[in-house]
Amino acid sequence: MRVDAVAENLLIWYDAHRRRLPWRAEPGAPAPDPYRVWLSEIMLQQTTVAAVKPYFDRFTTCWPTVTDLAFADEAEVMSSWAGLGYYARARNLIACARAVMRDHGGSFPNNEEELRSLPGIGEYTAAAIVAIAFGRRAVVVDANVERVASRLFAFAEPLPAARPALRRLVDRITPNERAGDFAQAMMDLGSGICTVRSPKCMLCALSSDCAALVQGSPETYPMKAARRAKPRRRGTVYWIERDDHVWLIRRPGKGLLGGMRALPSGPWTDEDPGVAGAPMPACWSDAGTVSHVFTHFALDLRVLTTRWTADVAGGEWWPIDQIEQAGLPTLFARAASRAIADREQER
DNA sequence: GACCCGTGGGC
DNA sequence: TGCCCAAGGGT
């Protein structure tokens with residue numbers, strides 16, 4: 001394979017077919033603002049472009065610069081992230097913005113080592129920022145790039161063990177110029193052409209160099225180690241209502257849905273505690289069950305509702321007609337919808 | 001290296 | 001429908 005030809009062909013294809021995205025510079029324009037590149041890269045971690053777009057627009061409108069974000073109200077940022085998932089990203093986002101303010105004078109560092117030391121920025125994100133925002137050569141390897149490279153070289157060692165070797169292969173085909181465009185081109189190719197299932201090899205700019213295509217089964221790459229089965233857990237959330245308000249708590253800062261506003265709930269285990277685990281001895285009514293799938297377990301969550309007149313400790317009464325502004329993660333938003341639907345039915 | 005951490009789309 | 005997957009990072 002002519003290693004140089006890969007980048008040449010890919011960049012020619014990219015110049016004609018690149019996606020227009022809100023965080024990208026227009027063709028021929030200077031590199032985009034590092035803040036916008038950073039923000040988009042954090043949001044895009046394990047998250048689709050379609051899901052990110054509205055969040056990116058909202059964040060850049062509310063907080064146009066990293067300084068604005070550094071001085072933002074934490075609860076407001078967390079609520080604005082609600083629904084996007086992986087909430088540690090939002091906690092790290094705030095911490096990172098403040099570190100850029102405090103330690104770097106409000107400007108993102110332009111090298112991978114310093115970027116890597118910031119919260120939420122790992123190997124991939126540091127390389128992407130350096131290449132895309134600062135126009136420097138960096139080896140940018142995400143899941144798209146791994147897939148394209150594993151097919152290009154018909155590299156059969158399964159992930160994740162194959163990662164270091166795949167990175168060396170990507171290093172070989174990364175050009176000295178336009179490394180940022182090259183990285184984004186690899187992602188566009190992986191997203192639209194060199195897809196997980198049914199890759200469109202007839203449309204691929206790299207097909208003439210693709211070893212997996214010669215073998216006849218590019219879709220079998222990359223190989224992956226077997227994964228564990230997903231357990232199912234059960235639990236209960238409690239909808240506590242008083243004068244058109246509902247009782248909301250804030251979850252602990254770490255762990256699942258950490259730092260997010262939520263409905264109070266018992267433990268999520270094999271056995272559902274039900275009424276026995278309720279926060280107060282009330283008369284509970286069953287509003288049904290919502291099912292939700294997390295990364296490493298599935299959950300059936302029963303929704304119990306009650307009316308309450310006394311005070312409760314450790315939370316806040318939230319107006320039910322403004323529940324969508326509470327910034328509830330999707331699981332609790334769905335539980336709330338279930339409770340509200342049940343409540344409307346009572347009337 | 002293994003495990004934890006959300007969500008929605010596609011087939 | 002259940003399973004796979006996604007512009008990963010932290011511990």
Base, sugar-phosphate, or nothing for [X], non-hydrogen atoms under 4.0 angstrom?
{"X": "T125(A)", "result": "sugar-phosphate"}
{"X": "Q184(A)", "result": "nothing"}
{"X": "V52(A)", "result": "nothing"}
{"X": "L21(A)", "result": "base"}
{"X": "T295(A)", "result": "base"}

Separation of [N] [atom2] from [X] [atom1] (nearest whole Å):
{"X": "L84(A)", "N": "dA6(C)", "atom1": "CG", "atom2": "P", "value": "17 Å"}
{"X": "F332(A)", "N": "dT7(B)", "atom1": "CZ", "atom2": "P", "value": "9 Å"}
{"X": "R228(A)", "N": "dC4(C)", "atom1": "CZ", "atom2": "P", "value": "14 Å"}
{"X": "Y87(A)", "N": "dG9(C)", "atom1": "OH", "atom2": "C1'", "value": "17 Å"}
{"X": "K200(A)", "N": "dG10(B)", "atom1": "NZ", "atom2": "P", "value": "12 Å"}
{"X": "Q45(A)", "N": "dC5(B)", "atom1": "CD", "atom2": "C1'", "value": "12 Å"}
{"X": "F56(A)", "N": "dA7(C)", "atom1": "CZ", "atom2": "C1'", "value": "13 Å"}

Parallel, tilted or perpendicular: ring planes of F297(A) versus F294(A), cut at 30 and 60 degrees: tilted
Euclidean distance for P, dA7(C) against dC3(B) (whole angstrom): 24 Å
P atoms of dG6(B) and dT11(C), separation to the nearest Å: 14 Å
Distance under 6.0 Å and angle within 45° of ring axis: R251(A) vs W268(A): yes
Six-ring centre of Y55(A), R58(A) cation under 6.0 angstrom, axis tolerance 45°: yes
Donor-acceptor pair under 3.5 Å, R19(A) side chain vs dA7(C) base: yes
Sub-6.0 Å ring centroid separation between W284(A) and Y238(A): yes
S191(A) side chain near dA6(C) phosphate (N/O to OP1/OP2, under 4.0 Å): no
Short side-chain N/O contact to dA6(C) OP1/OP2 from K224(A), under 4.0 Å: yes
If you check every side-chain atom of [X], which of [options] has the closest atom?
{"X": "L257(A)", "options": "dT7(B), dA7(C), dC4(B)", "answer": "dT7(B)"}
{"X": "R334(A)", "options": "dG8(C), dT7(B), dG8(B)", "answer": "dG8(B)"}
{"X": "L331(A)", "options": "dG10(B), dT7(B), dA7(C)", "answer": "dT7(B)"}

Residue whose closest nucleotide on DNA chain B lies nearer the 5' end, F294(A) versus P164(A): P164(A)
Donor-acceptor contact below 3.5 Å, side chain R261(A) vs main chain S79(A): no
